[in-house]
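Report on the following structure.
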Amino acid sequence: MTVSLLFQSLMLGVLLGGLYALLAAGLTLYFGVMRVVMIAHSAFLILAAYLAWYFNQQTGMDPLLSLVVTVPLFFAVGVGMQRLLITRLRPATLTMMSVLLTFAVALFIEGMIGFVWSGTQRRIQLPYSGASVEFFGARIAVVKLVAFALAALSLALLYVLMKHSRFGQALRATIQHREAAQLVGIKTDRVAGFGFGLGLATAAIGGTALSLDATIYPSLHWHWIGPLMAIIVVGGLGSIPGAAIAALVLGVGQSLLQVPLGTTWAQTIFYVALFATLMLRPQGFFGGRLAQRF
Amino acid sequence: MGVALVLAFPTMAPNAYILSAGIVVASYACTATAWNFMGGFTGYVSLGHAAFFGLGAYGTGILIRDLGLPSFVAWLLAGAIVLVITIPLGIAALRVRGASFVIVSISFVLILLLVFQAWGSFTGGSDGLVVPRPFPDLLRPEHHRVFFYLFAALLAVMLLVWWAIDRSRFGTGLKAVREDEDKAQALGVPTRNYKLVAYVVSATFTGLAGGMYALWFGDLDPIFQFSIMLGSYMVLMALFGGVRHLFGPLLGALVVGTGLEYFKLEFGDTQFHLVATAILLGVVVLFMPDGIIPAVQSLVRRFGPQDSSIREMTAAELLEHNRAVAAGGATAEGTTAVGHLERRGGATPTEGQGEDVGPRRGGPGGSSRGTSERMEDAAPRPRTGPEEER
């Protein structure tokens, strides 16, 4: 393996890790506000990718513009989902049952995508699809850079929102201690709904970024949910920085392993990391107190 | 009567398609019942039991292909292999609870799917693996008939084991884990070992069902054996019927399995059967998380011919009755299943207690229904109160 090849896959790993980090942050948000493991997250990701593809197909405009529609739409769907579905479950069995419920949502989305747009593989053709830039000897496709920039920007926005706005403070307070947050006058139900919507909005952004350089098909989401789940367990359930770090580390690891092992075996790094985490530190490597009990 | 129906089904089936659909439903019933050893007793929802199904199926097929073992020896050996593999897997998976456990269980399926697809030289990869038929000289309808009885026999064994565990001290411990794991542990239930045993039993039976499926179907593909759908079907069927009941998963498999076969027949060429499954699962989770058996029971209790009209007690009688129970309870308690649970698990369930305890309460309270039900239910609770505080 030459140095340039190594550098190339390192770069690709970072770019991929950025997308993973954004999506894992969304999953962490759901878990934080509602203690819900959202299996349907990657299904919404693929749905957003399909919407971007459809938008491009119908209007011929850049798929990035579809974000104007999909982000508010997904935010609303997220709030609605929290309000109408998740809160109806019994608190005692919420964690387990929400997994099944969101699993059903994932199946529903997969089925509907296949129903409406058929199971054919789709891909967006853009004028800059084939373009790439030279970066210290590594060739990076422009679409990957755009996707990474989009993910990084959204993650930064999310960070600022969480750290420096009143809503972010309320959201973090709800995540840390719901009852205490209620006592200081935070409307935790509403905040939880918005947190859910925010999580789903990350799926909208991630899906649009994904649609730029990936071939999409309805059952693709199963290939995403496993790695994402592994990332949030390794990072420690409920910790957004933990999820982001784990996403970058594992994304780079996957990309580096692809060179000697091939794509299929490289995917197993997520599961190896998952089992190593379970054996060594079940609460996750960067996890807070939340992770202990779930 | 149910047994007679099962035994008569192959002779009544009008054609080979119906018969093979019946076998598919029987295999669903086996997997759902096997799943229920873990999901029903301990409340740990595993979405990844398809991993063990696939391991059992591939284990059987590969043992026959490479070692030339007789079919049913290979089948049993594959079951033993699944058992051995599950022990370390279970130790790892059971270090976490709730949501993390579900994630881990899903990852089992995804990882095995990857491995079995990528390792084509050993598993046949996506080209599939052909399992030789155990009875080469049987015609197809007879072949189906034999396998229907084999699945039914496997199911009967599982139901028997489930029933035995349900009545044992071990089963009581598992149920205590389901209701409140921390309290159960504090009261001295060896929760980790109990969970592990339940997990291994559940996985082994799932593996045996998978091996049987391999012998029957004769052609394996990683996509279908290690499919998340299969794992979710098990959960759906068990939940649909009612995980706390012996025949819950079987009933769920009959209804849901028949439905799935129908959906595939109707919408097989579109993705719509996924949507139908999703809606069914969503409805079950949202509206009857305890399953149809308890739902129907409470419905019958509400609308059915009220036997409370002749057995109703006045409040004074009830008070007297409760006092007698409380006095006699200290000695008689240990003999009933409920008393056993209270003693072992300490706290009886707070959530869903009525459904769980009510129907099986063989003791003093069993006969009173209807209007007195609520008061009756409240009666045993104070007894557990002090125990909780201890």
Side-chain angles (χ1 to χ4, degrees), chain A residues 31 35-37 39 85 88-101 103-116 118-119 218-219 222-223 225-227 229-230 232-233 237 261-265 267-268 270-272 274-279 282-284 291 293-294, chain B residues 39 43-45 47 88-89 91-104 106-115 117-119 179-180 182 223 227-229 231-232 235-236 239 267 270-287 289 349-352:
Chain A
F31 189 81
R35 304 291 181 274
V36 160
V37 174
I39 306 265
L85 296 179
R88 295 184 70 106
L89 297 170
R90 283 186 203 149
T93 51
L94 177 78
T95 312
M96 289 288 194
M97 286 303 172
S98 67
V99 172
L100 295 178
L101 188 61
F103 182 86
V105 172
L107 276 188
F108 183 81
I109 293 173
E110 182 188 339
M112 284 315 268
I113 290 177
F115 192 56
V116 175
S118 86
S219 62
W222 296 119
H223 295 276
I225 198 65
M229 293 286 177
I232 62 168
V233 171
L237 279 174
L261 293 179
T263 39
T264 313
W265 288 102
Q267 277 238 341
T268 53
F270 290 102
Y271 306 111
V272 173
L274 176 64
F275 285 106
T277 309
L278 289 183
M279 296 317 283
Q283 70 271 37
R293 310 264 319 174
F294 296 96
Chain B
Y44 275 63
V45 172
L47 268 174
L89 284 185
I91 291 175
L94 291 169
R95 285 176 66 105
V96 287
R97 297 180 190 177
S100 302
F101 178 79
V102 186
I103 294 175
V104 174
I106 294 177
S107 74
F108 284 154
V109 182
L110 294 173
I111 194 171
L112 283 173
L113 175 62
L114 277 181
V115 168
Q117 276 184 328
W119 198 2
E179 304 305 347
D180 193 327
D182 289 328
I223 295 267
S227 105
I228 296 194
M229 292 305 298
S232 69
V235 182
L236 172 58
L239 278 183
F267 315 115
T270 67
Q271 295 280 313
F272 203 73
H273 66 275
L274 291 181
V275 177
T277 311
I279 292 174
L280 197 58
L281 183 60
V283 166
V284 169
V285 169
L286 279 178
F287 299 110
T350 45
E351 180 69 19

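Letters go in sequence order (proteins before strands), and every chain restarts at 1.
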* Approximate separation, where rounding is to 0.5 Å, of B:L114 CG and B:W119 CH2 -> 14.0 Å
* Asked: Got B:V102 and A:M229 here, is their nearest side-chain heavy-atom distance under 4.5 Å?
  -> no
* Any donor-acceptor pair under 3.5 Å from A:S118 side chain to A:G114 backbone -> no
Measure [X] against the heavy atoms of chain A and call it side chain, backbone, both or neither at under 4.5 Å.
X	result
B:L239	side chain
B:V45	both
B:L47	side chain

* Asked: What residue in B:A93, B:G43, B:S107 has the most heavy-atom pairs under 4.5 Å with chain A?
  -> B:S107
* To do: Could you have a look at B:L236, B:V104, B:T277, B:L89 and say which one has the most heavy-atom pairs with chain A under 4.5 angstrom?
  => B:V104
* Part of A:L100 lying under 4.5 Å from any heavy atom of chain B -> both
* Structure fact -> So, the part of A:F108 with a heavy atom under 4.5 Å from chain B: the answer is both
* To do: Search all heavy atoms of A:S98 against all heavy atoms of A:R35 and return the closest pair with its distance.
  => OG-O, 4.3 Å
* Using the test side chain to side chain contact (heavy atoms under 4.5 Å, CB included), find all partners of B:L110 that sit at least two apart in sequence or belong to another chain. => A:Y271, B:I106, B:I228
* Which residues pass the side chain to side chain contact (heavy atoms under 4.5 Å, CB included) test with B:L286, sequence neighbours left out? -> A:L85, A:R88, A:L89, A:L101
